[in-house]
Amino acid sequence: MMNGKTIVTIGREFGSGGRVIGEKLAEKLGIRCYDKELLTLAAKESGMCKELFETHDEKPTNSFLYSLVMDTYSLGYTTSSFVDMPINHKVFLAQFDTIKNLAAKESCVIVGRCADYALADYPNTTTVFISANMDDRIKRICRLYEKDPDKAKDLIVKTDKKRANYYNYYSSKKWGDARSYHLCLNSSLLGIDGTVDAILEYLKVKERYKKK
């Protein structure tokens, strides 16, 4: 474990193993990893129902009619500007707050959901993006979701587009662009465990130079 607090955010291409890398990294650091758990936490903290977070998870927009209907289920925040806000913005802000609260409270690994943008001002944050070769991603999705290669590739393209749109819509940066992150790694080159080790080494080097 590093000295002081350690926050690692992980952006990831679909099928690159980013979630597993986040979990294994957290385990080696002795801290918690938040992925889907973030949705439950944000729902609990905001008082909005969990289904809203699941429906809007890493999606930039939704139909106006749907937003109008779901607004009646929204609870918690009561300021007039918040009440008048589209539901997808409410969900994003609630997650944004939850991410900031987590980082203020504990060391952790956070997967996706613009966490690097939310924690841009947090000095102990290391932002990582995981990519992988398309063939490896297709094999992984075929194995995990029992799909044929064509359907797996289609799902990869659609999911990546959804994640990119979400990230680009809410942040001032570009999803997958090396300039948006501290460290970009291709998990095809090192494998899952090797990628985890590379992030750990980066954290050690960062800590060492911080002391100088």
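Tested against Thr9, the residues Val111, Ile99, Leu119 include a single side-chain contact (heavy atoms from CB on, under 4.5 Å) partner, Leu119. Tested against Lys206 for a side chain to side chain donor-acceptor pair (under 3.5 Å), the candidates Thr126, Asn124, Thr6 yield a single pass: Thr126.
Two residues are said to be in side-chain contact when any heavy atoms from C-beta on lie closer than 4.5 Å; Lys36 and Glu54 fail this criterion. A 4.5 Å side-chain heavy-atom check between Phe92 and Tyr169 finds every atom pair outside the cut-off. At a threshold of 4.5 Å between non-hydrogen side-chain atoms, the residues Arg140 and Arg143 count as touching. Side-chain contact between Glu207 and Tyr202 is absent, with no heavy-atom pair separated by less than 4.5 Å. Using a 4.5 Å cut-off on side-chain heavy atoms (C-beta onward), Cys142 and Pro149 make contact. Between Arg19 and Glu23 the shortest side-chain heavy-atom distance falls below 4.5 Å. Counting heavy atoms from C-beta outward, Ile10 and Ile110 have side chains that stay 4.5 Å or more apart. Annotation: side chain of Val8 is in contact with side chain of Leu25 (closest heavy-atom distance under 4.5 Å).
With Asp136 contributing its side chain and Ala132 its backbone, the two residues share no donor-acceptor pair below 3.5 Å. Side-chain atoms of Asn133 do not come within 3.5 Å of backbone N or O of Asp135 as any donor-acceptor pair. A donor-acceptor pair under 3.5 Å is absent between the side-chain atoms of Arg32 and the main chain of Val109, judged by distance alone. For the pair Ser187 (side chain) and Ser16 (backbone), a donor-acceptor distance under 3.5 Å is present. Distance alone, capped at 3.5 Å, places no donor-acceptor pair between the Thr127 side chain and the Asp116 backbone. Side-chain atoms of Lys173 do not come within 3.5 Å of backbone N or O of Asn168 as any donor-acceptor pair. Of the possible polar contacts, one joining the Arg137 side chain to the Phe14 backbone as a donor-acceptor pair under 3.5 Å is found.
Residue Ala152 comes nearest to Ile141 through the heavy atom pair CB-CG2, 3.8 Å, listed as atom of the first residue, atom of the second, then distance.
Between the OG1 atom of Thr98 and the CG atom of Leu38 there is a distance of 6.0 Å, given to the nearest 0.5 Å. In this structure, CG on Leu189 lies 4.0 Å from CG on Asn186, to the nearest 0.5 angstrom. Interatomic distance, SG of Cys114 versus OH of Tyr167, reported as 6.5 Å (0.5 Å rounding). To the nearest 0.5 angstrom, Leu200 atom CG is 12.0 Å from Lys24 atom NZ. Atom CD1 of Ile130 and atom CD1 of Ile21 lie 4.5 Å apart (nearest 0.5 Å). In this structure, CG on Asp97 lies 9.0 Å from OG on Ser46, to the nearest 0.5 angstrom.
Following chains of ILVMFWY side-chain contacts shorter than 4.5 Å, one cannot reach Trp175 starting from Tyr117, and the two form parts of different hydrophobic clusters. Following chains of ILVMFWY side-chain contacts shorter than 4.5 Å, one can reach Tyr145 starting from Ile138, so the two form part of one hydrophobic cluster. The cluster map of Ile, Leu, Val, Met, Phe, Trp and Tyr, joined by side-chain heavy atoms under 4.5 Å apart, puts Leu183 and Ile192 in the same cluster. Residues Ile7 and Ile31 do not share a hydrophobic cluster, defined by chaining ILVMFWY side chains whose heavy atoms lie under 4.5 Å apart.
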*Give the intermediate values and the outcome of side chain to side chain contact (heavy atoms under 4.5 Å, CB included) for residues Ser107 and Leu29.*
CA-CA 9 Å; Ser107 293; Leu29 287 169; over 6 Å; no

*asked:* If you apply the rule side chain to side chain contact (heavy atoms under 4.5 Å, CB included), what do you find for Glu13 with Thr159, and how did you get there?
replied: CA-CA 8 Å; Glu13 289 183 333; Thr159 306; over 6 Å; no

*Leu93 and Lys90: CA distance, side-chain angles, deciding distance, side chain to side chain contact (heavy atoms under 4.5 Å, CB included) verdict*: CA-CA 5 Å; Leu93 283 177; Lys90 291 180 185 179; 5.9 Å; no

*Test side chain to side chain contact (heavy atoms under 4.5 Å, CB included) on Leu41 and Leu102 and set out the steps.*
CA-CA 10 Å; Leu41 207 56; Leu102 273 176; 3.8 Å; yes

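Under the 30°/60° scheme for interplanar angles, the aromatic rings of Phe129 and Tyr181 are found to be tilted.
Ion pairing of Lys204 with Glu201 is present here, as a side-chain N (NZ or NE/NH1/NH2) and a carboxylate O approach within less than 4.0 Å.
Within a 6.0 Å radius of NZ in Lys100, other residues, nucleotides and ligands contribute more than 12 heavy atoms.
When only modelled atom types and interatomic distance are considered, Glu106 and Tyr34 share a side-chain donor-acceptor pair under 3.5 Å.
Under the rule for a side-chain contact (heavy atoms from CB on, under 4.5 Å), the partners of Lys151 that lie at least two apart in sequence or sit in another chain are Lys147, Asp148.
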